[in-house]
Amino acid sequence: MQLIFEKSRPGRKGFALPEIDVPIAPGLTEKYCRKQAAPLPEVSELDVVRHFSNLSRLNFSVDTNFYPLGSCTMKYNPKFTEKACALEGFSDLHPLLPQLLGGGMLAQGSLEVLYNTERLLSEITGMHAFTTQPLAGAHGELTGVMLIAAYHKNNGERRKHIIIPDSSHGTNPASAAIAGYNVVVIPTDKDGFLDMTAYKKALSRETAAVMLTCPDTLGFFNPKIKEIADLAHGAGALMYYDGANLNAILGKCRPGDIGFDVIHLNLHKTFATPHGGGGPGAGPVGVCEKLADFLPISRVIRRSDGTFALDYHKHKSIGYIAPFYGNFGVILKAYAYILCLGRAGLIEASENAVLSANYCLSRLKDYYAPAYGKRCMHECVLSAASQLEQGVHALDISKYLIDKGFHPPTIYFPLIVKEAMMIEPTETESKETLDAFIDCLIEAALLSKSNPEALHSAPLSMPVKRLDETKAAREPNLRWQQK
Amino acid sequence: MQLIFEKSRPGRKGFALPEIDVPIAPGLTEKYCRKQAAPLPEVSELDVVRHFSNLSRLNFSVDTNFYPLGSCTMKYNPKFTEKACALEGFSDLHPLLPQLLGGGMLAQGSLEVLYNTERLLSEITGMHAFTTQPLAGAHGELTGVMLIAAYHKNNGERRKHIIIPDSSHGTNPASAAIAGYNVVVIPTDKDGFLDMTAYKKALSRETAAVMLTCPDTLGFFNPKIKEIADLAHGAGALMYYDGANLNAILGKCRPGDIGFDVIHLNLHKTFATPHGGGGPGAGPVGVCEKLADFLPISRVIRRSDGTFALDYHKHKSIGYIAPFYGNFGVILKAYAYILCLGRAGLIEASENAVLSANYCLSRLKDYYAPAYGKRCMHECVLSAASQLEQGVHALDISKYLIDKGFHPPTIYFPLIVKEAMMIEPTETESKETLDAFIDCLIEAALLSKSNPEALHSAPLSMPVKRLDETKAAREPNLRWQQK
Amino acid sequence: MNYIPHTELEKKEMLKTIGVESVDDLFKHIPAELRPKSFNIPEGKSEFEVMEHLKILSRKNATNLTDFVGGGFYDHYIPAAVDALAGRAEFYTAYTPYQPECSQGWLQAIYEYQTVICELTGLDVSNASLYDGGTALYEAAMMAVRLSGRKKIIVDSGVSLIYRTMLYAYTSNLSIEFVETPVVHGQACREDIYKHLDDKTAAVIVQNPNFFGAVDDFSDIVERVHKCGALAIASVYPVSLGMLKSPGEMGIDIATGEGQSLGIPLSFGGPYLGFIAVKKEHMRQLPGRIVGATVDKDNKRGFVLTLQAREQHIRRERATSNICSNEALCALRALIYTCLLGKSGFYELARLNYQKAEFAKVTLDKVTGVKVKRSAPTFNEFTVCLPKNADEVVCSLIDKGFACGFPLGRFYKGLDNYLLVAVTEKRTKEEIVQFANSLEAVLCS
Amino acid sequence: MNYIPHTELEKKEMLKTIGVESVDDLFKHIPAELRPKSFNIPEGKSEFEVMEHLKILSRKNATNLTDFVGGGFYDHYIPAAVDALAGRAEFYTAYTPYQPECSQGWLQAIYEYQTVICELTGLDVSNASLYDGGTALYEAAMMAVRLSGRKKIIVDSGVSLIYRTMLYAYTSNLSIEFVETPVVHGQACREDIYKHLDDKTAAVIVQNPNFFGAVDDFSDIVERVHKCGALAIASVYPVSLGMLKSPGEMGIDIATGEGQSLGIPLSFGGPYLGFIAVKKEHMRQLPGRIVGATVDKDNKRGFVLTLQAREQHIRRERATSNICSNEALCALRALIYTCLLGKSGFYELARLNYQKAEFAKVTLDKVTGVKVKRSAPTFNEFTVCLPKNADEVVCSLIDKGFACGFPLGRFYKGLDNYLLVAVTEKRTKEEIVQFANSLEAVLCS
Ligand SMILES: Cc1ncc(COP(=O)(O)O)c(C=O)c1O
Ligand SMILES: Cc1ncc(COP(=O)(O)O)c(C=O)c1O
């Protein structure tokens, strides 16, 4: 499709601003001004509406397609939470208001939302307290590791590394490194679990923390999780829980009960806030009691008279990790979702997510080799290794799925599984959708033998065929340029 | 696409209602109850969202395609008017409130919108007063003819027929007939204007009114309009103005100034309220002073203290023609549109609508025979008669346009033009869109000679090919039936 | 702000192609004396300024009244998915689906809507929509006149006065004779209806629940109506059809009604939705657009506007009705609403409304001087006899934040102390109790 | 209400295929002692009840304050088309465009957004978005450290304290040395910056306009910074770039900032939009997602995520940053906003903001005891010296319906009587005059 810049016509006007209703003052001296106006597009409002309406129709999305992207929990996002966010009282509230004398009383509604959400997340995960400030999961990881660093520093210790399984998501090692830690990687044993011997060997007084995802990124719940935690605590290390897979164990297991000290959640995964083409998300961080003092400021507190306020006087706090109180709009949607599902609804979400994932695994395991076992939690990891023998990659199978109107599963993650395909159906997809998707994958498996070319040429029904990614990296064209 | 009923699964639940929070009373006796629940679909909220999101993508619409449907004024509908309608104060107001003692004071905002809109429409059209009650253009026509009948009845006259040009829209004769009048049809002369001789001959004391569209449905402004009006008034008849084509003459000519006694407008045409797949629209009716007493009740009045009220005490009124005050949501959007464009904006709308229509006519007249002349107002009527010589109908050309992503013009209207194609570009389409559309029509004209088959087989890129309309009429299947 | 894309350069190019000097030349055939005498419209404002003006006006409306007013237009909860889906541009910026191949979205949606109306009413065929419940009743009466060739119509006075007044206004120039029969003990008076029934009767019109909220089974009346060759028309409240006997089960010939309660905002009177459903044999007399299923050249199912010969753009003055633009988007909202609730949800909705109303009856009966009329069963609306003029009571309760009901004296002589109270699923137990307490306070002050 | 489609029958069929008796069997490998100690979450509510609860909470927030508070987050008007288009499900319910062929809508939109950020900042390359202005500044600082191999960063104290505090929090475990230089006469103090500039300096960070609203031209500073091999980083307010000299024109190496003012609601702190733009030569050190143009097999243009080798899912602990989910939908809003305003509109927006602020300065200067700081030119925000503590003045003006400004004493010692006032295109002349009158009344009461 033409770029909006290629639709620009000199002199064409779009949105109109109010007339200037004040006397005209002299402008700024030239020194402070730009030479010419930024060459933004010159288009009408209809040009813009038609451009972005048609552009949107080139995307697969949860509202139009089955989107089983592993580790992303692309469940249905209820529509009413959008309406809640658009309520004038929530959408137009200035974040600095509570920092004005008397201003706090004008933000009681939003402060109560934050306070209630922190309480609910604490009870769901068994943690002592939460901060809603982190702006995505990875940001929550960085915050968590900063809390770990502050904790050890407060004990006069300067521990050097963080233990991370090789199957973990890329953000885990990146977050640890960025916060100044070395990363010690532990391999996965033949059953798909953390290699205990390597783990015991790596654990030492230099270990600041152990970062785990549970269920892990292979979709398994490690029954030895308690033992792993006890060992860590024995060495004075803290347990970090990557909460991306919480959708598997709502009401079945709480990280706080099984030895985790600091966790992050992904509201845009487990709590159904929209993924927005990559964001916004939110990564609230929960801590055990001994880490509460280090939480970022400000803290939302409830005064004796039932009103809410912001407390900035936490001398041990690691300081600001976000400009204000987190991605409020995303937090509000998660809050509304939790109130709507309630206790039974949250439990049913996990039960049906795990049921659907196991249903996919059971029907597919005879066509694609399961990475490790016959059971899984909320997502299953299959390998297209056997298809590779006919020269068919997980990538080719994904492109075939696209032609059939399905968004492909996550591929080539976790890195430790050859030609990995990670399918996370979620609890909101119907059985007939799962069956149609499974049948399509089975078709692809049969085609790999009978007619691999059909898979190599896919996709054929999309706006573009397969794109030259090497050219994009070698000759980077990262913006439009006026000829 | 599967019907929503075909996606139903017994026992599947969608939207959840609140739990009953009151003690359970005994139900109604069986005699008053239906035997079983209505067999509505049993689907989840995601099933519904995916069904209607994908269903919407099968439609051409102004926001995604050029939509030059003649006589429908498919101009861009500004987005902010939707937001105005969703304001809680407007969307949730019960229509009976002003009819409660003390209730009127709680509807002042909406009453003011109605009052202001009536004033603005009167000034735009030169009429004395307006009612916003009629729910579409045709409903406005019926209301107008009822006012005409009441007027003559009040003069003790019982006139029998209404004069209507053969080029008029089908709703004109239908409205006249339904209100109890005979219809006398006047032919169009060779220049595309009302045949004056036939007109003078038909005019008599039995003529209740003359119904005209101006500019007429051939896109011409009849300079003899004043003479036609004077003749009608001479015979004691009233002049009715079908306002569907008002977009051609905003600020250039007002029906009230040129002899019309009663008019209807189409807010969903000239004043940019969305066409909504066929509705809702609104057809406010304007009258000259002598017809004001007959207007439907209630009337919105402004009291001396500046507050607004509903006046039901109009003994000559023709009574209720709508349950309340009209399609308020549609009226509010038109009000917002008029305030936004203002004087200069309305005039520029007509100037550019006429400019664009004449541009299309000028570039196409060498390929398709113009129905009548080389100039037009806001829409131009072309004939595919010459293409018919190669067996290509206006219908075939329309289907070719669909494949190219353009919604076809109106075809086979007005009925008096052979293989008619009525193109109304409106003022909001860019020149490059007009050029692309014109080039496509020229291509079709050339193809009619070089390869008519290409046109007969179109459309090929849509969800369905050409549909069997005779089968649909002969074996009516007008609803899904549970097998 | 005028949404016009043409730049000065482009206007020049277009004028050149047309062969005129200026845009004015395109209007010069409008003689000077036909130019506007005035065009005093205020200058245009920016989107921001117009929105501020409209926000101020919207705040002049009451937004926090607890609503017990019904009268045919109800404060039901609208699931957010209705706005989200009906708000898709490909629905609301399209027009009537004249070109089927690029309108299958709308055509299939209308076909599904027609199916829902048939299933709710228990009748065979419906159309794409009419303006509202009142014009739908008028179109039904005209159908009966056309089908029977007769000119007399009996109307039970339990039918909403709003609709009766519209009926009389539309037919004032036609020689149609109307006979109104009284409501006795809250329900249609059989005796009176049968008295007027004769071979000149085209139709008998009834409403369920009637304007007093009373529920009825018209099977007996329908039998007698058919015996004398007339048609039975019923105006019905769609949410009640989740629970009440359907027109089809009663043998009604034509069912009509207002669809506002199916996911459409109250919005001070419109846009609303008129629905109509008939028996198969009367299909060709239906007014308005109808969508039918058919197949394309590859035998693939598709949908088209059909039976268009009845309509104004073909039959002109002999058309069954003059309707062109209708209430398509409101019909889509009703379709989405009913699908979201679904088979079990729609029944639960009706049951919840019924139970809340029964609780309100019991609670209001405890208020000193107040007497709930119990002569006939009701659905979610009922009549209450107050110890004083209902208008004044309503006025004082407005100050306490309640739009507590519709004073029946406005529509029925001699009922000045009577109040029509509607209770939907949105009214919580607490709101009902507070309403009774406020009534108690107002009555004894 | 749980949005789960599986019927009991379907669950049985699925369990049978899996080969287990019940769903619990799928969890039995979670040992009893690892089961939750408690799970006291209130029972689920219907959509209607949750919305009522949220409406009550939203009404506890002030909704009719006239907003003169800025501090980096501004009350600009958001055209309705931004919500309408960013609200299309095909945008907001998709995720990161990993599969290009079925995500060209998002990929092209991000490519267009990257272009807009480059055009506004005058730099060569931007990325798909960062969390907010604060984390963007931190990522810029880390880029400078990586590129220069140095560990000292000079920060002008005109940079927002919020962002400075975030910067220090993130780097507390890294051996980065920060030097804060004072603001003199409202602008960055050249003397002090040059004093600390040495071969250990990785970067100098400035902000335009600075937190006091003062506008500056940093070309001189940039020259000296480059001379000693360091990088110049500027945090900028995008709406001001409609008028002010761009970072590119000043030679700045890395421009960052908060994109909230480009069509994103204030929403009590987020979601917001962090943007970053760099020179071509520093492209491979950029954090986060980047979209690039390429061609498909038929040589047709298309877009893909590119330069992914820098990112966490490939380089893991050696990645340039840990960001995965970003603020894509907010970037889309900013793109739509800037396209709607367009080349001339964006300049007019900046001019309108500037003129309104100048009028406010003149008006407030007339208030007895109030002195507008005129030491440096400003854009749409300026500092006012009040005759008493700004906190109290702000508190009394809140009662008069004004959020009249930000008391600078909260962020800068010794400025307790100073108020930071922001004026956007939404503030009418009347509102500015009323603000001055209320201030007059409060100051002399
Ligand atoms: C297992 C896991 N951990 C962490 C993350 C990072 O979360 P976010 O994308 O919210 O930064 C993801 C995101 O996909 C993930 O799947
Ligand atoms: C010339 C003309 N008159 C009248 C009408 C009827 O208006 P409505 O569709 O609003 O009933 C139309 C509608 O298309 C029309 O084009």
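Convention: sequence-line order gives letters A, B, ...; per-chain numbering from 1. Quick caveat: nothing in here was measured; it's all calculated off a predicted structure.
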### Message
Measuring centre to centre across the rings, with the benzene-like ring taken for any Trp, is Phe73(C) within less than 6.0 Å of Phe324(B)?
### Response
yes
### Task
Find the one option among Leu340(C), Leu349(C), Asn173(C) whose heavy-atom pairs under 4.5 Å with chain B are most numerous.
Leu340(C)
### Message
Taking side chain as everything from C-beta outward and backbone as N, CA, C, O, which of these in Leu85(C) sits under 4.5 Å from a heavy atom of chain B? Side chain, backbone, both or neither.
### Response
side chain
### Message
Between Ile290(C) and chain B, with a heavy-atom cut-off of 4.5 Å, which part of the residue counts as in contact: side chain, backbone, both or neither?
### Response
side chain
## Note on the structure
Whatever's closer than 4.5 Å to a heavy atom in chain B on Pro42(C) counts as both
### Task
Check each atom of Tyr359(B) against the heavy atoms of chain C and say whether the ones under 4.5 Å are side chain, backbone, both or neither.
both
### Message
Is Tyr168(C) close to chain B through its backbone or its side chain, or both, or neither, when contacts mean heavy atoms under 4.5 Å?
### Response
neither
## Note on the structure
Of the listed Ser246(C), Gly134(C), Pro79(C), the one with the largest count of heavy-atom pairs under 4.5 Å with chain B is Pro79(C)
### Task
Tell me, for Gln355(C) versus chain B, whether the close heavy atoms (under 4.5 Å) come from the side chain, the backbone, both or neither.
both
### Task
Would you give the length of the straight line joining atom CG of Asp92(B) to atom CZ of Phe268(C), rounded to the nearest 0.5 angstrom?
13.5 Å
#### Entry: Heavy-atom pairs under 4.5 Å with chain C, option from Gly14(B), Cys72(B), Pro78(B) with the top count
Pro78(B)
### Query
Does any non-hydrogen side-chain atom of Met51(C) lie less than 4.5 Å from one of Phe80(B)?
yes
### Message
For the backbone of Val183(B) and the side chain of Glu317(C), can you confirm whether one donor and one acceptor N or O come within less than 3.5 Å of each other?
### Response
no
### Task
Please look at Pro476(B) and chain C and tell me whether the side chain, the backbone, both or neither of the residue comes under 4.5 angstrom of a heavy atom of that chain.
side chain
### Task
Sort Phe52(B) into side chain, backbone, both or neither according to what part of it lies under 4.5 angstrom from a heavy atom of chain C.
both
### Task
Using a strict cut-off of less than 4.0 Å between a Lys/Arg side-chain nitrogen and an Asp/Glu carboxylate oxygen, indicate whether Glu43(C) and Arg343(B) qualify as a salt bridge.
yes
### Message
Using side-chain heavy atoms (C-beta onward) and a distance below 4.5 Å, is Leu478(B) in contact with Met283(C)?
### Response
yes
### Query
Which value, rounded to the nearest 0.5 Å, describes the distance between Leu17(B) atom CG and Ser344(C) atom OG?
9.0 Å
### Query
How many angstroms lie between atom CG of Asp217(C) and atom NZ of Lys31(B), to the nearest 0.5 angstrom?
4.5 Å
### Task
Kindly confirm or rule out a cation-pi arrangement of Lys252(B) over Phe27(C), judged by NZ or CZ under 6.0 Å from the six-membered ring centre and within 45° of its axis?
yes
### Task
State the OH-NE2 distance between Tyr92(C) and His275(B), to the nearest 0.5 angstrom.
14.0 Å
### Summary
Max heavy-atom pairs within cutoff under 4.5 Å with chain C, candidates Cys253(B), Pro95(B), Gly89(B), goes to Pro95(B)
### Query
Hey, what do you get for CG (Leu346(B)) to CG (Asn2(C)), rounding to the nearest 0.5 Å?
10.0 Å
### Query
Is there a side-chain contact between Met166(C) and Pro323(B) (heavy atoms, below 4.5 Å)?
yes
### Message
Counting heavy-atom pairs under 4.5 Å with chain B, which one of Gly345(C), Ala84(C), Gly242(C), Gly342(C) comes out on top?
### Response
Gly342(C)
### Query
What part of Leu241(C) gets closer than 4.5 Å to chain B, counting heavy atoms only: side chain, backbone, both or neither?
both
### Message
Only pairs of heavy atoms separated by less than 4.5 Å count here; which of Ile402(B), Leu3(B), Leu142(B) has the most with chain C?
### Response
Leu3(B)
### Query
Any salt bridge between Arg466(B) and Glu101(C), counting N to O under 4.0 Å?
no
### Query
Going by an N to O cut-off under 4.0 Å, is there a salt bridge joining Arg479(B) and Asp124(C)?
no
### Message
What's the separation between atom CG in Asn477(B) and atom OG1 in Thr306(C), rounded to the nearest 0.5 Å?
### Response
10.0 Å
### Pairing of Glu112(B) and Lys60(C) as salt bridge, 4.0 angstrom limit
yes
#### Entry: Thr171(B) versus Arg316(C), side-chain donor and acceptor atoms under 3.5 Å
no
### Query
Between Leu55(B) and Trp106(C), is any pair of side-chain heavy atoms under 4.5 Å apart?
no
### Query
Checking heavy atoms, do the side chain of Asn326(C), its backbone, both or neither come under 4.5 Å from chain B?
both
### Query
What residue in Lys399(B), His268(B), Met74(B) has the most heavy-atom pairs under 4.5 Å with chain C?
Lys399(B)
### Query
Backbone N or O of Trp480(B) within a donor-acceptor pair of the Thr115(C) side chain at under 3.5 Å?
yes
### Task
Examine whether an atom of Phe359(C) lies under 4.5 Å from a heavy atom of chain B, and if so say whether it belongs to the side chain, the backbone or both; otherwise answer neither.
side chain
### Task
Side-chain contact test, heavy atoms from C-beta onward, threshold under 4.5 Å: evaluate it for Leu355(B) versus Leu15(C) and give yes or no.
yes
### Query
When the aromatic ring centroids of Tyr131(C) and His139(B) are compared, is their separation below 6.0 Å?
yes
#### Entry: Heavy-atom side-chain proximity of Leu106(B) to Asn61(C) below 4.5 angstrom
no
### Message
So for Glu249(C), is it side chain, backbone, both, or neither that comes closer than 4.5 Å to the heavy atoms of chain B?
### Response
side chain
### Query
Counting heavy-atom pairs under 4.5 Å to chain B, which of Asp216(C), Asp75(C), Thr428(C) comes out on top?
Asp216(C)
### Query
According to the interplanar angle, ranging from 0 to 90°, do the rings of Phe221(B) and His29(C) count as parallel (below 30°), tilted (30 to 60°) or perpendicular (above 60°)?
perpendicular
### Query
Would a 4.5 Å heavy-atom cut-off, applied to side chains only, mark Gln312(C) and His169(B) as touching?
yes
### Task
Verify the distance criterion only: is there a donor paired with an acceptor across the side chains of His51(B) and Glu112(C) at less than 3.5 Å?
yes
### Message
Less than 4.5 Å to any heavy atom of chain B: does that hold for the side chain of Val215(C), its backbone, both, or neither?
### Response
both
### Lys13(B) atom NZ: more than 12 heavy-atom contacts under 6.0 Å
no
### Summary
Note: vs chain B, highest number of non-hydrogen pairs under 4.5 angstrom among Leu307(C), Val23(C), Val295(C), Asp67(C) is Val295(C)
### Message
Can you tell me which portion of Phe91(C) sits under 4.5 Å from chain B's heavy atoms? Options are side chain, backbone, both or neither.
### Response
both
### Query
Between the side chains of Thr93(C) and Asn77(B), does any donor sit under 3.5 Å from an acceptor?
no
### Task
Go through the atoms of Thr135(C) and report whether side chain, backbone, both or neither lie under 4.5 Å from a heavy atom of chain B.
side chain
### Task
Go through the structure and list residues passing side-chain contact (heavy atoms from CB on, under 4.5 Å) with Lys300(C), not counting sequence neighbours.
Asp296(C)
### Summary
When the 4.5 angstrom heavy-atom criterion is applied to Thr64(B) and chain C, the contacting part is side chain
## Note on the structure
Counting heavy-atom pairs under 4.5 angstrom with chain C, the leader among Gly251(B), Gly137(B), Ala107(B) is Gly251(B)
### Query
Is chain B contacted by the side chain of Ile18(C), its backbone, both, or neither, given a heavy-atom distance below 4.5 Å?
both
### Message
Let's test your reading of the structure: which of Glu47(C), Glu358(C), Lys45(C), Glu119(C) forms the most heavy-atom pairs below 4.5 Å with chain B?
### Response
Glu119(C)
